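For clarity, every value in this text was computed on a predicted model and none was experimentally measured.
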Amino acid sequence: MDKEDKRRYFVVGSVYLEVVTPLFQQKLDENYKSLNFKCLKDFLDNTAVLHTLFHLRHRNAWCCTDKANCRSHGALPLNHHQWKQLYAENPGPGIHNCFCKYTAKSVEPEDLDVSLCGLILFNCCNLGPLDQEAVSILRRNKNDYLSHNTTCGITKDEYGPLMDELKTNILQLDQTKEDELIRIQKRPLDDALCNKYMTTLLNIHEILEKIDTNTTKTLHCVQQIWQHLTTQSLTKQGLEEKTGKQGNHKHPIKPYKLGQSIFIVHHQTDLSSVIGGDWSSKVSDIVMMDDGRLVICLPDQSRLLISNTDGSQVDSIPVQDTPCSVTAVNNSTVAVPLLYNGCGGRIGITTINNKLVVGGENRLLIIDHQTGEVVQTIQADCDPARLHGSGDRIFYSDINNNNLYWYSYTDDRHHTRTLPSRPTSMTSLQDGSLMDKEDKKRYFVVGSVYLEVVTPLFQQKLDENYRSLNFVCLKDFLDNTAVLHTLFHLRHRNARCCTDKTNCRSHGALPLNHHQWKQLYAENPGPGIHNCFCKYTAKSVKPEDLDLSLCGLILFNCCNLGPLELEAVSILRRNKNDYLSHNTTCGITKDEYGPLMDELKTNILQLDQTKEDELIRIQNRPLDDALCNKYMTTLLDIHEILEKIDTHTTETLCCVQQIWHHLTTQIFTKESLEENTDTQDTHIYSIKPYKLGQSIFTLHRNIDLTSVVGNALTSFITHCLKPVVGYYSVVTDMVMMDDGRLVMCLPLQKRLLIYNTYGSQVDSLHVRGGPSKVIAVNNSTVAVTLYGSKCIEIYDMNNKLKLKLIAVPEIMWNGITTINNKLVVNGHKSLLMIDYHTGEVVQTIQTDRQPYRLHGSGDRLFYCDIDYNDNKKLYWYSYTHDRHHTLTLPSPHRSMTTLQDGSLYVVCKDGSVQHVSSDCKQYKPVTTLQSTPVVEGIHYSLVQRKLVIRHTHFVTVFK
């Protein structure tokens with residue numbers, strides 16, 4: 001990506017996060033205080049404000065009071081997540097759907113993002129006409145230019161008018177901000193800060209919606225991402241949304257019958273040899289870690305005992321005082337309170353929403369374990385003991401009575417239940433859901449209608465429409481001047497085109513977001529002298545590549561539909577956004593469901609009368625928890641939670657980058673690759689391009705392999721069943737894992753050798769057959785091809801296990817690489833894409849020669865001709881252009897790797913190392929790496945930032 005595009009994005013993003021957001025929050029605070037409200041909660045509870053916001057969220061509702069001001073808006077600008085952030089439903093079933101059923105939560109202006117804050121300002125505050133317009137334009141531009149911007153860039157054509165508009169409207173709200181705007185506009189690009197800002201500004205739902213959740217592994221990964229995103233902030237409203245869902249995602253099971261027999265004895269662990277015979281007086285608390293280890297408090301011995309569940313002691317940790325209780329903080333960390341004088345046995349500890357909870361005198365203390373600060377104090381009527389956190393509730397007991405107490409974040413109240421005897425310990429089981437099952441069933445029905453009926457119906461209608469106009473494919477239809485011109489102006493504001501000027505439009509909002517535009521069109525080569533639709537060409541997309549929103553947008557604006565069909569498409573798109581995209585509770589209320597289903601049925605049948613039986617079938621189906629959870633990951637717009645992540649810590653930023661990497665590598669299409677691969681490198685490895693041939697690396701270490709592999713060159717060539725021309729080394733391939741371990745193929749010894757970069761052997765793994773080539777699949781797994789075998793084997797390097805054998809009858813030679821989370825191997829004059837989860841060949845790319853020595857990088861697959869042809873050309877296939885390209889080098893190449901700026905190092909047979917530019921148009925030799933002795937292979941780790949060169953009997957590591 002153009003660095004200037006990124007700098008422009010950085011400036012605009014900085015303006016929104018450093019100026020607009022706090023300005024909106026300040027304006028809201030000033031406004032409600034000028035109306036004599038003490039806090040935002042009181043303002044939101046005001047009848048006029050509540051009534052206004054209620055109808056911005058609820059359609060077709062008539063309230064019991066103030067009916068003259070009831071409204072039924074076409075679209076619902078206040079989304080489900082935002083409404084739940086502001087209001088809680090009062091206890092009791094309620095006899096009607098009215099604003100009187102709701103009470104505001106204790107939120108502050110700084111809890112609200114720019115979108116929600118601006119919505120309240122625009123609709124509920126006493127602003128003048130110019131201030132109202134300024135708020136509306138600033139909210140609109142954030143959505144148009146930042147929320148869906150997956151390239152982290154803003155073009156020169158967009159930037160000038162956008163900054164003028166931002167400046168005008170910000171100064172309309174606050175004249176003192178001019179100097180701050182000038183300062184931000186002059187700042188240089190700060191890559192790290194820009195990446196942090198992107199995670200706050202980006203709406204990533206359009207990528208999440210494309211994740212294939214039909215595989216268990218992918219669904220589990222999505223669930224982990226969801227859990228991370230939903231446990232980043234400790235607020236009453238955040239907890240209300242978040243904690244209940246985790247159990248449902250991980251453990252979708254039916255509720256237990258109270259008192260039923262659920263468990264059977266698995267094992268009894270006798271610890272008498274360690275702690276003596278009196279268990280009750282020696283062990284004060286116990287917790288099981290996620291990996292199954294038991295951590296046990298031994299206060300008399302001042303230590304923590306760590307035991308496996310089979311009774312074997314693993315280890316113990318001395319504690320400098322008396323450990324009283326223990327709770328797990330994460331997979332490897334526990335928190336332990338110590339028994340000080342006067343505390344007795346009442347000290348307890350638990351966790352909720354990634355915070356620690358301990359009991360104080362008539363209160364519960366919420367503690368940030370990273371900073372040690374008490375972030376919240378909750379008053380109680382007793383001294384809480386025996387604490388337990390579950391969902392949105394903190395349970396506790398009083399040593400003086402038989403009551404079980406709990407505090408609920410949902411209603412900000414304490415509750416009690418009297419038990420037959422004093423509670424001494426408690427835990428939550430797997431069915432501890434807080435959500436109404438009927439709400440979830442209704443959500444499941446509506447979600448099923450959208451994914452199983454509406455989406456394919458929209459795609460079918462689009463396909464029928466462009467074919468009826470004699471277009472062979474969707475690409476041709478999108479390249480049609482009228483269609484391209486229409487869609488161009490749905491994405492670009494204030495643009496006057498060079499032709500067809502009478503049809504130019506400047507829309508108030510831009511319904512075609514940045515991600516969708518990039519999915520449909522690519523900019524033609526060349527700088528272009530103006531911002532016009534003639535600069536763009538459609539990509540090779542198909543209707544089934546488009547989600548419901550984008551497909552519906554094209555149908556509505558570019559296809560020949562009748563008035564009733566147009567209205568049906570508009571309503572179906574609108575309702576998906578209003579009821580599913582922001583629905584973080586995975587539920588739809590009874591009040592919403594009836595009118596919504598009537599509207600869905602009417603408009604679906606308007607488009608296709610044959611769908612009635614399918615709708616009835618879906619409405620009659622029982623709740624399928626597992627399928628409902630999968631559908632939620634497809635339908636949910638999670639950007640409002642991502643925006644709350646604290647990206648100011650390195651650990652969290654790294655996590656966000658890993659999430660982003662996962663989300664952008666789940667769908668294997670040409671257009672998604674065009675979007676994704678460049679952003680990956682830009683986000684995580686933002687550096688200036690290297691000068692070709694420059695000295696980049698310094699020697700870190702030589703690893704001598706002689707003692708391990710022996711002087712076995714002759715033996716290897718003699719005994720290998722099918723020696724391959726060109727393989728003259730005992731170590732035939734190597735790869736560096738993300739944690740720095742080197743994995744090497746030793747075919748003669750039939751094993752994988754595992755080294756660390758300091759030169760010490762860590763381990764080895766036996767392979768049945770001679771391992772030829774190896775590639776890292778993820779942080780702990782490698783894929784290996786074997787000599788004389790038409791299969792791929794997948795190994796877990798942490799546990800030294802073979803996970804899978806994939807038969808590939810078409811495989812030729814033994815090269816292997818990865819691209820976009822898929823394996824790639826050689827076929828007969830073809831490249832074979834393999835899904836390593838299923839073992840299926842998902843795509844075959846034809847080549848005009850036999851590919852050899854594979855390497856995947858970005859959206860490109862590099863290869864060379866078979867050795868005995870002595871061909872000096874480097875070949876690559878580009879997904880962006882769906883074409884093969886070539887570059888002639890001084891000598892046939894032996895190995896290649898991609899550096900951090902996207903350029904390549906290519907090792908040639910003549911001993912040279914050629915530095916090839918990222919666009920593969922130029923190259924220069926790297927004299928400092930001139931190979932003596934001969935280089936057999938080369939590999940660069942983007943994570944470790946180390947270059948590894950393989951020779952016959954040793955390995956050189958550079959950094």
Exercise for the section: Among W876, Y875, Y863, find the one that has a ring pair (Phe, Tyr, Trp, His ring centres under 6.0 Å) with H885. Expected result: W876
Completion exercise
One should read off an interatomic distance between M744 CE and I754 CD1, to the nearest 0.5 angstrom, of 10.5 Å
Handout entry: side-chain contact (heavy atoms from CB on, under 4.5 Å) partner of K804, chosen from I794, I792, D796, T781
Key = I794
Practice task
Grab the two heavy atoms, one from R950 and one from V731, that are nearest each other, plus how far apart they are.
Solution key: NH1-O, 2.5 Å
Handout entry: Side-chain (T817) to main-chain (L854) donor-acceptor, under 3.5 angstrom
Key = no
Exercise for the section: Just do the side-chain contact (heavy atoms from CB on, under 4.5 Å) check on Y159 and V11 with the steps written out, would you? Expected result: CA-CA 10 Å; Y159 181 73; V11 169; 3.4 Å; yes
Handout entry: Audit row: Y755, L705, side-chain contact (heavy atoms from CB on, under 4.5 Å) steps and yes/no
Key = CA-CA 10 Å; Y755 266 69; L705 302 178; 3.8 Å; yes
Exercise for the section: Find the distance between OG1 (T928) and CZ (F958) and round it off to the nearest 0.5 Å. Expected result: 7.5 Å
Practice task
Could you check if a side-chain atom of L929 sits within less than 4.5 angstrom of a side-chain atom of L947, using non-hydrogen atoms only?
Solution key: yes
Handout entry: Atom pair NE2 (H939) and OG1 (T898), whose distance is rounded to the nearest 0.5 Å
Key = 10.0 Å
Practice task
Return yes when atom NZ of K790 has more than 12 non-hydrogen atoms of other residues, nucleotides or ligands closer than 6.0 Å, and no otherwise.
Solution key: yes
Practice task
Tell me, with the steps shown, if K921 and L887 meet side-chain contact (heavy atoms from CB on, under 4.5 Å).
Solution key: CA-CA 7 Å; K921 294 181 179 179; L887 174 69; over 6 Å; no
Practice task
Output yes when D763 and R741 qualify as a salt bridge under the 4.0 Å nitrogen-oxygen rule, no when they do not.
Solution key: no
Exercise for the section: Take the angle between the ring planes of Y690 and H915 and call it parallel below 30°, perpendicular above 60°, tilted in between. Expected result: tilted
Practice task
For the pair Q944 (side chain) and D738 (backbone), establish whether a donor and an acceptor sit closer than 3.5 Å, ignoring hydrogens and angles.
Solution key: yes
Exercise for the section: Measure from the side-chain N and O atoms of S780 to the backbone N and O of N798, and report whether any donor-acceptor pair falls under 3.5 Å. Expected result: no
Practice task
Give the minimum heavy-atom separation between N826 and G815, together with the two atoms involved.
Solution key: ND2-N, 3.3 Å
Handout entry: Atom pair CG (D733) and CD1 (I775), whose distance is rounded to the nearest 0.5 Å
Key = 7.5 Å
Problem - Test item: side-chain donor near acceptor, Y940 and Q900, under 3.5 Å - result: yes
Exercise for the section: Kindly indicate whether the side chain of K959, heavy atoms from C-beta on, has any atom under 4.5 Å from the side chain of T698. Expected result: yes
Exercise for the section: Could you tell me whether the side chain of L786 reaches within less than 4.5 Å of the side chain of C791, counting heavy atoms only? Expected result: yes
Practice task
State whether a side-chain donor-acceptor pair under 3.5 Å links Y852 with Q850.
Solution key: no
Handout entry: Sidechain-backbone polar pair: Y197 side chain, Y9 backbone, donor-acceptor under 3.5 Å
Key = no
Practice task
Please tell me if the side chains of Y877 and P851 come closer than 4.5 Å, counting only heavy atoms from C-beta onward.
Solution key: no
Completion exercise
One should read off an interatomic distance between Y923 OH and L889 CG, to the nearest 0.5 angstrom, of 6.0 Å
Handout entry: Donor-acceptor under 3.5 Å (T785 side chain, S772 main chain)
Key = no
Exercise for the section: Look at the side chain of K535 and the backbone N and O of E523, then say whether any donor-acceptor pair between them is shorter than 3.5 Å. Expected result: no
Practice task
Identify the two heavy atoms, one from L765 and one from Y795, that lie closest to each other, and give their separation to 0.1 Å.
Solution key: CD2-CD2, 3.4 Å
Problem - Donor-acceptor contact present, side-chain R7 to main-chain R187, <3.5 Å - result: yes
Handout entry: Side chain to side chain, S830 and E810, heavy atoms closer than 4.5 Å
Key = no
Problem - Q922 backbone acceptor or donor facing S917 side chain under 3.5 Å - result: yes
Problem - Stepwise side-chain contact (heavy atoms from CB on, under 4.5 Å) test for Y536 and L478 - result: CA-CA 10 Å; Y536 296 93; L478 294 174; over 6 Å; no
Exercise for the section: State, with a plain yes or no, whether a side-chain heavy atom of V777 is found less than 4.5 Å away from one of L823. Expected result: yes
Practice task
For the residue pair V782 and M737, establish whether any side-chain heavy-atom pair is separated by less than 4.5 Å.
Solution key: yes
Handout entry: Main-chain N/O of K829 paired to T847 side chain as donor or acceptor, under 3.5 Å
Key = yes
Exercise for the section: Check the side chains of S912 and D910 for a donor-acceptor pair under 3.5 angstrom, ignoring hydrogens and angles. Expected result: yes
Problem - Basic-acidic side-chain contact under 4.0 Å: R8, D5 - result: yes
Practice task
Keeping the roles fixed (side chain from K924, backbone from Q694), state whether a donor-acceptor pair exists under 3.5 Å.
Solution key: no
Fill in the blank from the handout: What one should report as the nearest heavy-atom pair of K475 and S540 is CD-OG, 3.6 Å
Problem - Nearest atoms (heavy-atom pairs only) where I819 meets M833 - result: CG2-SD, 4.2 Å
Practice task
Can you see which heavy atom on C194 is nearest to which on K6, and at what distance?
Solution key: SG-CE, 3.7 Å
Practice task
Would you indicate whether the side-chain heavy atoms of V767 and C745 approach each other to under 4.5 Å?
Solution key: no
Exercise for the section: To the nearest 0.5 angstrom, please state how far the CG atom of D865 sits from the NZ atom of K873. Expected result: 10.0 Å
